[in-house]
There are 2 protein chains.
Amino acid sequence: MEDIPETGTDPLFDSLRKRGHRITAQRETILQIFKEQESGHHLSAEELHAKLLERGGNVSLATAYRTLKLLSSLGLLRELDFAEGHKHYELKQDTLPHQHIICTGCNTTLEFEDHFLEEAGQKIGARYNFEVIDAQFKIFGLCPNCKTGKSSKGR
Amino acid sequence: MEDIPETGTDPLFDSLRKRGHRITAQRETILQIFKEQESGHHLSAEELHAKLLERGGNVSLATAYRTLKLLSSLGLLRELDFAEGHKHYELKQDTLPHQHIICTGCNTTLEFEDHFLEEAGQKIGARYNFEVIDAQFKIFGLCPNCKTGKSSKGR
DNA sequence: TTTCGTGCAAACCATTTGCAGCAGC
DNA sequence: GCTGCTGCAAATGGTTTGCACGAAA
């Protein structure tokens, strides 16, 4: 059900090669982990590192960070910032365009699709003569739970 | 042309008092600085601190951070995260709803109004039963300048 | 007077970087 | 073999916090 593409044909690897980057075991594993995530699921550097350690390989946190940065700069990953102190990343390829609602109470995030927002981003970018890389719509608010239990937040 | 409201009547001060916070000289100055910013202009903690020092008072960076956090939590400031490693803040009051385009090349930000996006945020939030605090639409891309001069970014 | 707010410096935490050794090509 | 990649540990940079003092109410 889950056929893993040959190293030679994977478009992600091709993107790396094309720009003169090497295919290392670490990078393969990291890409593999991202591919295994459910669509719309994003990982922080720490989370990625934890998953790397689970697999037994000893990939350092530094490499995780370096790879996330590299893949983002190549446009293979989408960098998400939910204003909670660290970034999250998700595969850009074949992900349906989606946006996020973030609960500032419990940091839960919800994804929702909205192709209209995609278009809007492109259109507005064009209006200002920008080359649009990514349009991110974030709705910050309180989820149903946190909305109710508000009182418990002493601070 | 620029009449500064009396301490007693300022709605910002009232918001503080109402929740049991004290009006200190530091907070007054900080609010004053934000009021003096052009609409749509945002400040980082460091920038705010620099402006505080310019005024001669010796407000510490720690207080700047504490105050920014407090004012944001009270909903008086809008917290903006442009994924450049530090946050920016702007007065929420009387600011026309606006969104941002960020150049990932030179970090320039451009504001644009779009009431449609405001509505969209509210509507989508409502769909998920969220209490919407702020909807932020960010378009990351390359500005006309950086689009052209791309080659100069060796790394 | 009581309690909150502040300055200072140390602590934190996410992320980056210098360096020497190892691996891709 | 050359050069880029990695692990390690130290450095960085933004932000937070403990503490004792000073100031708002």
Side-chain angles (χ1 to χ4, degrees), chain A residues 7-8 10 12-31 42-50 52-53 55-74 77 79-89 107 154-155, chain B residues 7-8 10 12-31 42-50 52-53 55-74 76-77 79-89 104 107 154-155:
Chain A
T7 302
D10 191 313
L12 293 176
F13 290 160
D14 287 346
S15 297
L16 282 169
R17 283 205 201 81
K18 202 177 306 172
R19 310 244 205 143
H21 299 289
R22 294 176 180 172
I23 312 296
T24 63
Q26 291 87 334
R27 291 177 179 170
E28 285 189 48
T29 314
I30 290 173
L31 282 170
H42 32 77
L43 297 174
S44 68
E46 296 280 359
E47 287 165 346
L48 170 63
H49 187 230
L52 284 165
L53 295 185
R55 313 220 161 188
N58 68 326
V59 179
S60 70
L61 229 198
T63 294
Y65 275 108
R66 279 190 276 236
T67 306
L68 289 172
K69 198 177 201 180
L70 173 68
L71 297 179
S72 300
S73 78
L74 294 179
L77 292 181
E79 190 181 86
L80 301 168
D81 204 319
F82 299 137
E84 20 158 4
H86 54 263
K87 293 172 183 167
H88 285 242
Y89 299 83
N107 280 331
R155 208 216 207 260
Chain B
T7 302
D10 191 315
L12 293 176
F13 290 160
D14 287 345
S15 298
L16 281 171
R17 283 205 201 81
K18 204 176 306 172
R19 310 242 205 144
H21 299 290
R22 295 177 181 174
I23 312 296
T24 63
Q26 291 87 334
R27 290 175 180 171
E28 285 188 47
T29 314
I30 289 173
L31 283 170
H42 31 78
L43 297 174
S44 68
E46 296 279 358
E47 286 165 347
L48 171 62
H49 188 229
L52 284 165
L53 294 185
R55 313 222 161 187
N58 68 325
V59 179
S60 70
L61 230 197
T63 294
Y65 276 108
R66 280 190 276 234
T67 306
L68 289 171
K69 198 176 201 180
L70 173 67
L71 298 178
S72 300
S73 76
L74 294 179
L76 304 182
L77 292 180
E79 190 181 86
L80 301 168
D81 204 321
F82 299 138
E84 20 160 2
H86 54 264
K87 293 172 183 167
H88 286 243
Y89 299 83
T104 57
N107 280 330
R155 214 220 181 241

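Letters A, B, ... are given to chains in the order of the sequence lines, protein chains preceding strands, and every chain is numbered from 1. The structure displayed is predicted, hence computed values, not measured ones.
To the nearest angstrom, P of D/dG4 lies 15 Å from CG of A/L74. Atom CG of B/L61 is separated from atom C1' of C/dA9 by 13 Å (rounded to the nearest Å). One interatomic measurement links the two molecules: CG of A/N58 to P of D/dC5, which rounds to 18 Å at whole-angstrom precision. Following rounding to the nearest Å, B/L52 (CG) and C/dG7 (C1') show an atom-to-atom distance of 13 Å. Taking atom CG of residue A/D14 and atom P of nucleotide C/dC25, one finds them 12 Å apart after rounding to whole Å. For A/E84 and C/dC13, the CD to P distance is 15 Å, given to the nearest whole Å. Look at CG on A/L68: it is 13 Å from C1' on C/dT16, rounded to the nearest Å. Rounded to a whole Å, the CG atom of A/L16 is 14 Å from the P atom of C/dG24.
In this model, the phosphate group of C/dG24 is not approached by any side-chain N or O of A/R17 to a distance below 4.0 Å at OP1 or OP2. Side-chain N/O atoms of B/Q26 include one lying less than 4.0 angstrom from OP1 or OP2 on C/dG7. In terms of phosphate contacts, B/Y65 brings no side-chain nitrogen or oxygen within less than 4.0 Å of OP1 or OP2 of D/dT16. When the side-chain nitrogen and oxygen atoms of A/H21 are compared with OP1 and OP2 of D/dG4, none of them lie within a distance under 4.0 Å.
For the pair A/L71/A/L16, a side-chain contact is recorded, criterion being any heavy-atom separation below 4.5 Å from C-beta on. Side-chain atoms of B/L70 and B/H21, non-hydrogen and from C-beta on, do get closer than 4.5 Å to each other. Between B/E28 and B/F13 there is a side-chain heavy-atom pair separated by less than 4.5 Å. Side-chain contact between B/H88 and B/H86 is present, with at least one heavy-atom pair separated by less than 4.5 Å.
Listed candidates were D/dT16, D/dG14, D/dG7. Nearest to the side chain of A/T63 is D/dG7. Residue A/R27 places its side chain closer to D/dT6 than to any other of D/dG14, D/dT6, C/dA9. Checking C/dA14, D/dC5, C/dG7 against every side-chain atom of A/T24, the shortest atom distance belongs to D/dC5. If you check C/dC25, D/dT6, C/dC8 against the side chain of B/S60, the one that comes closest is C/dC8. The side chain of B/K87 approaches D/dT15 more closely than any other nucleotide in the set D/dT15, D/dT6, C/dG7. Proximity note for A/H86 (side chain, C-beta onward) versus C/dT15, D/dG14, C/dA9: the nearest is C/dT15. If you check D/dC8, C/dT6, C/dT17 against the side chain of A/K69, the one that comes closest is C/dT17.
Of all heavy-atom pairs between B/E47 and B/H42, the closest is OE1-O, 3.8 Å.
Heavy-atom distances to DNA chain C give each of A/A45 and B/A25 a nearest nucleotide, and the one nearer the 5′ end belongs to B/A25.
Proximity of a side-chain donor or acceptor of A/R17 to a complementary backbone N or O of A/I23 within less than 3.5 Å is not detected.
Across all strands shown, A/R66 has heavy atoms under 4.0 Å from base atoms, whether or not it also approaches the sugar-phosphate.
If you check distances only, the side chain of A/R22 never reaches the base of C/dC25 with a donor-acceptor pair under 3.5 Å.
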